[in-house]
Student: 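Sharing a structure, written as structure tokens. Questions coming.
Computation of the quantities below employed the complete heavy-atom set of this structure, encompassing side-chain atoms and omitting hydrogens, waters and symmetry-equivalent molecules. Since the structure is predicted, the reported quantities are computational estimates derived from the model, not experimental observations.
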Amino acid sequence: MEETLLQATIYLGAMLIAVPISVRFGMGSVLGYLLAGIAIGPVLGLVGSETQDLQHYAEFGVVLMLFLIGLELDPRTLWDMRQRLLGMGGSQILLSIVVLAGGAMLLGLAFPLALAIGITLALSSTAIVLTTLNEKGLMRTPGGRGTFSVLLTQDIAVIPALALLPLLATANAARFNEDGSISRVDPDDHHTMSLVEGLPAWGVTLVTLGAVAAVILAGRYLSPLLFRVIHTTKLRELYTVTALVIVVGIAVLMLLVGLSPALGAFVAGVVLANSEFRHELEADIEPFKGLLLGLFFITVGAGINFQTLFANPFLIIGLSLAVMLLKGTVLYGIARAFRLHGRDRWLFTLGLAQAGEFGFVLVAFGVQQAVFPDRVAAILLLVIALSMLLTPLSFILYEKISARLSDGADEAPDHDEIDEQAAVIIAGVGRFGQIVNRMVRASGFKTVVLDSNLETIQMMRRFGMKGYFGDPTRPELLKAAGLATAKVFVVAVDNRQAAVKLVQYAKRQRPDISVVARAHDLLHVYELYEAGADHIVREMFDSSLRAGRYVLEDMGLTDYEAHELETAFYRHDRQNLRALAEVWRPDIPVTENKEYMRRTREMTDNLESALATHLDAIADEVEGTSQVENSRGDAGALSGLSRGPRRPGGR
């Protein structure tokens with residue numbers, strides 16, 4: 001008991017120390033977990049061989065992660081991904097196997113062994129990559145969606161990989177029986193529980209399909225009934241128990257029929273994506289997922305055999321880099337073939353270049369089946385672990401490349417030919433830009449819309465709206481869209497720095513053009529103001545004002561009183577923005593800008609008294625006063641700064 005608690009303290013303490021430091025220096029949590037494992041394992045020797053056993057339990061974090069990802073996808077979305085699953089995922093696996101196996105054969109290995117190595121190293125790390133994509137907010141980018149499609153295909157590919165490896169054995173570890181079944185190990189060896197062991201091929205197929213069908217039907221029809229029963233108990237902990245039973249039960253069932261537990265959990269998540277209890281499932285599973293994934297990464301770091309590494313450092317490091325280079329080359333070619341551009345292409349390439357945690361499973365299985373000699377297996381485990389260790393550094397490299405590309409250093413990607421010009425140009429047509437475009441066009445004014453997301457442009461076209469695919473930060477595209485003659489330029493791109501640079505460029509080319517820019521937050525308002533934007537709109541400000549007004553109405557104020565307080569708050573905030581913009585300095589963090597902090601505290605103290613005074617004034621007004629006369633006029637759609645008297649209401 002004492003030893004167990006001591007080990008738990010070591011692992012949790014290592015997480016607590018290493019991860020915040022890693023995140024603080026911009027390296028991400030995954031690298032922090034890996035370094036923590038190296039510290040408590042090979043370096044300090046605080047943990048030993050038990051990490052291998054612990055890793056099997058920690059791998060369940062991958063299962064939980066796939067379940068949660070499935071909850072985010074409904075079946076229609078998954079069906080829409082079929083081209084990326086079969087095209088990008090299938091081509092990545094096949095081409096990577098061919099290239100890696102070819103490289104192994106050039107090193108003098110026999111074809112069966114080389115092919116087994118290619119299969120093992122072709123898979124990438126679902127745990128590290130998906131964790132990093134979610135952590136950095138990249139999952140919903142085209143590159144992130146392509147990466148996820150490949151990882152999901154790889155999870156599916158684990159099944160045929162496990163079936164194929166025994167056929168590549170160098171000894172008589174695998175043979176076909178007369179009834180069509182496969183004997184993979186010596187009859188005297190210990191067998192785990194299985195529902196398909198010894199069945200003919202057609203029997204295995206039927207049992208496997210039946211298990212998958214059982215998961216789908218149970219998720220569709222039984223889980224809602226189960227959760228309704230749990231709901232009547234009013235016991236919160238039973239939700240957690242039920243969520244864990246669902247995931248663990250599915251994992252066990254998948255293992256019994258020889259399928260990947262992660263794949264089964266993903267299917268169950270997709271089935272439950274439209275359930276009314278979806279959010280309860282997410283909330284209950286998320287903490288276990290995070291803890292187990294962190295533990296998994298620590299065991300990977302702790303399991304690195306530095307003795308073998310130090311005995312052959314150049315060989316193993318060279319092989320690790322060669323694997324990542326060969327896979328990266330394949331991935332880059334696939335990204336080009338599937339029209340991923342710029343940052344998305346590099347995200348896809350660098351994010352998937354490593355080997356993955358399923359490689360540990362395949363190596364262990366391959367050793368059992370006499371596919372991998374012990375020395376080759378030891379080297380493979382090190383190559384897999386080192387490539388995973390280098391993955392967070394790959395994402396740091398991606399961020400450096402991404403920053404350069406945002407400055408216009410990307411190679412010229414394909415773009416649409418712009419064959420029209422208009423008085424209004426809209427750069428970026430996401431949730432914000434779409435509303436602006438619809439309102440302007442519905443009012444009878446022509447617009448030219450530019451966006452670097454091809455899927456967004458294609459979606460617009462399906463609804464009969466015209467838009468052009470291309471990077472709005474490219475000067476030649478802005479020129480083709482009519483920047484020289486346009487009256488208004490709307491900057492609604494997602495990238496903060498790209499928005500600032502767009503404003504600066506437009507004002508350099510056309511000092512007289514009116515620039516309406518979306519700001520992500522208050523600091524972004526100041527940056528855009530300094531860049532020259534005429535109207536700066538905080539994307540969440542107006543909706544927040546409306547929500548606050550509804551709260552006041554629900555608290556008993558009249559519609560008129562709530563509206564007037566909303567207007568007063570807006571005017572007070574606008575005055576504050578102007579005052580704070582005068583003391584804001586881009587080279588000094590706001591928390592270290594003494595004058596900025598002093599004025600902020602002063603204005604906050606004045607706000608409550610100002611609103612109370614205004615409410616008293618409203619009560620003294622004549623009851624019949626026209627609310628139109630008391631409206632905030634041009635302020636109704638504004639949330640930031642404007643410059644100059646000729647546009648008094650803009651921001």
Side-chain angles (χ1 to χ4, degrees), residues 22 27-38 41-42 51 55 58-59 62 92-93 95-97 99-104 107 114 116-133 147 150-151 154-155 157-158 161 293 296-306 308-310 312-332 334 346-364 366 372 376-398:
S22 178
M27 296 184 293
S29 64
V30 174
L31 185 57
Y33 286 122
L34 293 171
L35 293 176
I38 292 174
T51 57
Q55 191 173 78
E59 285 172 358
V62 180
Q92 183 276 327
I93 293 171
L95 291 176
S96 295
I97 289 175
V99 171
L100 293 170
L107 295 177
I117 292 174
I119 293 172
T120 301
L121 298 179
L123 306 181
S124 304
S125 176
T126 301
I128 291 181
V129 176
L130 289 187
T131 299
T132 307
L133 290 179
T147 300
V150 171
L151 291 171
Q154 289 179 357
D155 285 340
V158 171
L293 278 180
F296 171 77
F297 297 140
I298 286 184
T299 59
V300 171
I304 295 179
N305 189 334
F306 278 86
T308 304
L309 175 61
F310 292 149
N312 305 278
F314 297 108
L315 171 65
I316 294 172
I317 295 175
L319 288 175
S320 301
L321 294 176
V323 167
M324 298 185 74
L325 179 62
L326 290 174
K327 290 185 70 175
T329 303
V330 170
L331 290 162
Y332 189 84
I334 293 173
W346 285 108
L347 174 61
F348 184 80
T349 300
L350 295 173
L352 292 169
Q354 78 293 123
E357 58 275 354
F358 284 119
F360 295 121
V361 178
L362 293 176
V363 170
F372 298 121
V376 172
I379 293 176
L380 276 178
L381 291 174
L382 275 173
V383 168
I384 294 170
L386 284 179
S387 68
M388 293 173 69
L389 185 63
L390 292 173
T391 300
L393 301 181
S394 296
F395 277 98
I396 294 175
L397 176 60
Y398 158 75

Student: Does the pair Thr308 and Leu381 meet the rule for a side chain to side chain contact (heavy atoms under 4.5 Å, CB included), with working shown?
Tutor: CA-CA 10 Å; Thr308 304; Leu381 291 174; over 6 Å; no

Student: Is the shortest heavy-atom distance from the side chain of Pro392 to the side chain of Thr132 under 4.5 Å?
Tutor: no

Student: Please examine the side chains of Val99 and Thr329, heavy atoms only from C-beta on, and report whether any two atoms are closer than 4.5 Å.
Tutor: no

Student: Between Leu133 and Leu347, is any pair of side-chain heavy atoms under 4.5 Å apart?
Tutor: yes

Student: About how many Å separate CZ of Phe348 and OH of Tyr332, when rounded to the nearest 0.5 Å?
Tutor: 12.5 Å

Student: Does either side chain, that of Ser387 or that of Lys327, offer a donor lying less than 3.5 Å from an acceptor on the other one?
Tutor: no

Student: Is the side chain of Gln92 donor-acceptor paired with the backbone N or O of Leu123 at a distance under 3.5 Å, no angle test?
Tutor: no

Student: Distance from Thr391 atom OG1 to Leu386 atom CG, nearest 0.5 Å?
Tutor: 10.5 Å

Student: Leu321 and side-chain contact (heavy atoms from CB on, under 4.5 Å): which partner among Val323, Leu319, Leu325, Ile317?
Tutor: Ile317

Student: Apply side chain to side chain contact (heavy atoms under 4.5 Å, CB included) to the pair Leu382 and Asn312, showing each step before the final yes or no.
Tutor: CA-CA 11 Å; Leu382 275 173; Asn312 305 278; over 6 Å; no

Student: Nearest 0.5 Å please: distance from the CD1 atom of Ile97 over to the CD1 atom of Ile117.
Tutor: 12.5 Å

Student: Verify, without hydrogens or angle tests, whether Gln354 (side chain) and Leu390 (backbone) share a donor-acceptor contact under 3.5 angstrom.
Tutor: no

Student: Going through the distances and angles, do Leu331 and Leu350 end up as a side chain to side chain contact (heavy atoms under 4.5 Å, CB included)?
Tutor: CA-CA 8 Å; Leu331 290 162; Leu350 295 173; over 6 Å; no

Student: Just by distance, do the side chain of Ser124 and the backbone of Leu352 share a donor-acceptor pair under 3.5 Å?
Tutor: yes

Student: Rounded to the nearest 0.5 Å, how far apart are CG of Leu121 and CG of Leu100?
Tutor: 6.0 Å

Student: How many angstroms lie between atom CG of Leu130 and atom OG1 of Thr147, to the nearest 0.5 angstrom?
Tutor: 9.0 Å

